[in-house]
Amino acid sequence: GSKLNSKEQEKAATLAYEHGYYHYPRRIALRQLAKLAGVSLSTFQENLRRAEIVLLPNLIEQRIKHGQNNALELVIKTRLKRQAKRKAAT
């Protein structure tokens with residue numbers, strides 16, 4: 001689907017973005033983000049990963065629709081589709 005499955009996933013992605021997790025170098029560690037979210041590290045990691053699985057394909061599809069695609073994005077999109085098919089088959 002194209003929507004986040006839970007408020008926890010939305011919170012994880014928002015916290016990560018707002019606190020510089022996606023900057024290079026990272027401005028915050030996952031452990032610190034988990035503490036801010038008030039959950040265990042493993043729970044935060046799962047929520048963030050699930051959010052990324054939903055958000056990343058949507059971002060790439062939008063870029064492709066607007067003619068901003070490049071080879072790397074096409075590779076990533078292909079891999080994500082394969083992963084989704086594998087997951088659906090299990």
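Excluded from the calculations below are hydrogen atoms, water molecules and symmetry mates; all remaining heavy atoms, backbone and side chain alike, are included.
- Considering NZ of K7 and OG1 of T14, their distance stands at 9.5 Å, rounded to 0.5 Å.
- Between L30 and L48, the closest side-chain pair of non-hydrogen atoms falls below 4.5 Å.
- Distance check: R79 CZ to Q83 CD gives 9.0 Å after rounding to the nearest 0.5 Å.
- Atom OH of Y22 is surrounded by more than 12 heavy atoms from other residues, nucleotides or ligands within 6.0 Å.
- Within the structure, side chain to side chain donor-acceptor pair (under 3.5 Å) pairs that include any residue of residues 24-33 comprise H23-R27 (at least two apart or interchain).
- A distance of 8.0 Å separates NZ of K11 from CD of E8, quoted to the nearest 0.5 Å.
- Side-chain atoms of T43 never come within 3.5 Å of backbone atoms of V39 as a donor-acceptor pair (strictly under, hydrogens ignored).
- Contact record, Q9 with N47: CG-O, 3.5 Å, taken as the closest heavy-atom pair.
- A distance of 6.0 Å separates CG in N58 from CD in E61, rounded to the nearest 0.5 Å.
- Annotation: side chain of L80 is not in contact with side chain of I53 (no heavy-atom distance under 4.5 Å).
- Rounded to the nearest 0.5 angstrom, L36 CG and I28 CD1 are separated by 5.0 Å.
- What you find for S40 and A34 is that their closest heavy atoms are O-CB, 3.8 Å.
- When all heavy atoms are compared, the tightest approach of A37 to L15 is CB-CD1, 3.7 Å.
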